Protein chains: 2
Amino acid sequence: MQADQLSLTFSALADPTRRAILQRLAHGEASVSELTEPFDISMPAISRHLKVLEQAGLVARTRNAQWRPVQLNAVPLAEVAGWVEHYRRHWQSEFDRMDAYLAELQKGDPDAKQ
Amino acid sequence: MQADQLSLTFSALADPTRRAILQRLAHGEASVSELTEPFDISMPAISRHLKVLEQAGLVARTRNAQWRPVQLNAVPLAEVAGWVEHYRRHWQSEFDRMDAYLAELQKGDPDAKQ
DNA sequence: GTGTTAAATAACACAACCGTTAAATACTCT
DNA sequence: AGAGTATTTAACGGTTGTGTTATTTAACAC
């Protein structure tokens with residue numbers, strides 16, 4: 001354990017169920033039952049997904065009677081955005097090369113089959 | 001297995017060794033031996049990290065004699081950037097609230113202990 | 001207190017992850 | 001062909017992740 005924050009965040013985001021939970025929470029806080037409802041898995045499983053998200057700092061849990069509303073905390077995602085930004089020029093140049101290649105195809109086609 | 005691309009990418013990025021490998025490759029292609037050198041782990045271990053990165057589409061391996069130079073492919077990171085971008089306004093508002101809080105503290109202090 | 005609802009924890013099973021060392025593969029050079 | 005170099009694959013072991021069902025905890029309502 002005791003992984004760095006970025007590893008914790010990426011690891012938490014690696015599961016599609018957890019990403020779907022975050023997406024749901026982007027619309028507002030929700031109870032564990034509400035978060036469980038859309039999925040085919042049991043509430044304990046969701047509860048443990050929430051624990052992973054909580055340990056990554058991506059959600060916060062408060063308490064309201066017997067409910068424990070879950071709220072999104074997007075702050076760790078800022079670090080992800082910063083990390084990935086360093087690579088933008090790399091994928092941009094990949095895309096540029098692809099664009100150039102496609103343009104070359106376009107240019108060639110009207111001149112027809114020679 | 002057979003996870004979606006985004007899960008594959010996040011999962012590959014969840015390991016600090018693999019992120020360090022990507023960072024090294026951002027400066028140019030490298031052999032497996034070169035990539036192994038900075039780490040305290042064996043070459044087979046690095047080789048398997050490379051396999052994970054390759055399956056996520058983050059690196060490509062060519063062949064040159066007995067070397068298999070590894071190259072960065074940042075394209076899958078574009079999807080990560082797009083995904084995380086949806087949450088920017090959330091962490092921005094978190095930061096704004098934090099700023100407001102700090103400003104409040106600043107304003108209060110000079111007025112002193114009352 | 002008793003019953004009900006919401007959620008977490010316990011105990012278990014199974015698969016995946018990550019490292020190791022030893023052996024196999026692929027290529028070069030003489 | 002035989003030796004040397006680079007890398008992968010095989011076999012193993014320990015830890016972690018993800019699901020299940022059964023049980024426990026916490027708070028409400030009567």
Side-chain angles (χ1 to χ4, degrees), chain A residues 1-22 24-25 28-73 76, chain B residues 1-22 24-25 28-72:
Chain A
M1 275 278 175
Q2 82 184 69
D4 57 294
Q5 178 59 51
L6 202 47
S7 297
L8 271 180
T9 309
F10 277 131
S11 184
L13 298 178
D15 186 282
T17 302
R18 289 197 288 264
R19 290 199 305 279
I21 289 174
L22 292 180
R24 165 66 185 81
L25 292 176
E29 69 173 29
S31 69
V32 180
S33 310
E34 287 167 339
L35 292 172
T36 301
E37 196 270 325
F39 299 103
D40 264 0
I41 61 182
S42 65
M43 189 182 297
I46 296 292
S47 182
R48 285 170 54 163
H49 279 306
L50 289 172
K51 196 169 197 173
V52 172
L53 290 170
E54 189 177 29
Q55 280 168 347
L58 286 164
V59 305
R61 284 190 272 195
T62 57
R63 176 173 275 283
N64 177 8
Q66 67 261 223
W67 293 272
R68 292 154 180 83
V70 185
Q71 291 177 301
L72 174 66
N73 174 22
Chain B
M1 275 278 175
Q2 80 182 71
D4 57 293
Q5 177 60 50
L6 203 46
S7 297
L8 271 180
T9 309
F10 277 130
S11 185
L13 297 178
D15 186 283
T17 301
R18 289 196 289 263
R19 290 199 304 279
I21 288 173
L22 292 181
R24 164 66 186 79
L25 292 175
E29 70 173 28
S31 69
V32 179
S33 309
E34 287 167 340
L35 290 172
T36 301
E37 196 270 324
F39 299 103
D40 264 359
I41 60 183
S42 64
M43 190 181 297
I46 296 292
S47 182
R48 285 171 55 161
H49 280 306
L50 289 172
K51 197 169 197 174
V52 172
L53 290 169
E54 188 177 29
Q55 280 167 348
L58 286 163
V59 305
R61 283 190 273 193
T62 56
R63 175 174 276 281
N64 177 9
Q66 67 260 222
W67 292 273
R68 291 157 180 79
V70 185
Q71 292 177 302
L72 175 67

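This one's a predicted model, so the numbers in the text were calculated from it and none came from an experiment. Basis for what follows: all heavy atoms, side chains included, without hydrogens, waters or symmetry-related copies. We name chains A, B, ... by the order of the sequence lines, and we start the count at 1 in each one.
- Atom-to-atom, CH2 of B/W67 to C1' of D/dG4 comes out at 11 Å; the value is rounded to the nearest Å.
- Neither side chain, A/E37 nor A/S33, offers a donor N or O lying under 3.5 Å from an acceptor on the other.
- Going from atom CE of B/M43 over to atom C1' of C/dC18 covers 17 Å, rounded to whole Å.
- Here C/dC18 presents its C1' atom at 13 Å from CD1 of B/I21, a figure rounded to the nearest Å.
- Rounded to whole Å, atom C1' of C/dA8 lies 11 Å from atom CG of A/L50.
- Side chain of A/S47 to main chain of A/M43: no donor-acceptor pair is present (N/O by atom type, distance under 3.5 Å, no hydrogens or angles).
- Distances shorter than 4.0 Å separate none of the side-chain N or O atoms of B/H49 from OP1 or OP2 on C/dC17.
- Closest to the side chain of A/P44, from the set C/dG19, C/dC27, D/dA22, is D/dA22.
- DNA chain D is contacted by both B/R68 and A/S42; B/R68 maps to the nucleotide lying nearer its 5′ end (nearest heavy atom per residue).
- Summarising the geometry, the separation between CD1 on B/I46 and P on C/dC17 is reported as 17 Å, rounded to the nearest angstrom.
- Nucleic acid contact class of B/R48 (heavy atoms, under 4.0 Å, all strands): base.
- A sub-4.0 Å separation between OP1 or OP2 of C/dT9 and a side-chain N or O of A/K51 is present.
- Between the CD1 atom of B/I41 and the C1' atom of D/dT7 there is a distance of 15 Å, rounded to whole Å.
- Within the 4.5 Å cutoff, the side chain of B/P16 has heavy atoms near those of the A/D4 side chain.
- Between B/S31 and D/dA6, a side-chain N or O to OP1/OP2 separation shorter than 4.0 Å is absent.
- For the pair B/F39 CZ and C/dT20 C1', the interatomic distance rounds to 18 Å; values are reported in whole Å.
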Stepwise side chain to side chain contact (heavy atoms under 4.5 Å, CB included) check, B/E34 with B/R24: CA-CA 10 Å; B/E34 287 167 340; B/R24 164 66 186 79; 4.2 Å; yes
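- Between B/R18 and the phosphate of C/dC18, there is a side-chain N or O to OP1/OP2 separation shorter than 4.0 Å.
- Across C/dT9, D/dT9, D/dT18, the shortest atom-to-atom separation from the side chain of A/D15 is found for D/dT18.
- Checked by atom type and distance alone, the side chain of B/Q5 pairs as donor or acceptor with a backbone atom of B/A56 at under 3.5 Å.
- Following rounding to the nearest Å, B/R61 (CZ) and C/dA26 (P) show an atom-to-atom distance of 15 Å.
- Closest to the side chain of B/V32, from the set D/dT9, D/dT7, C/dG19, is D/dT7.
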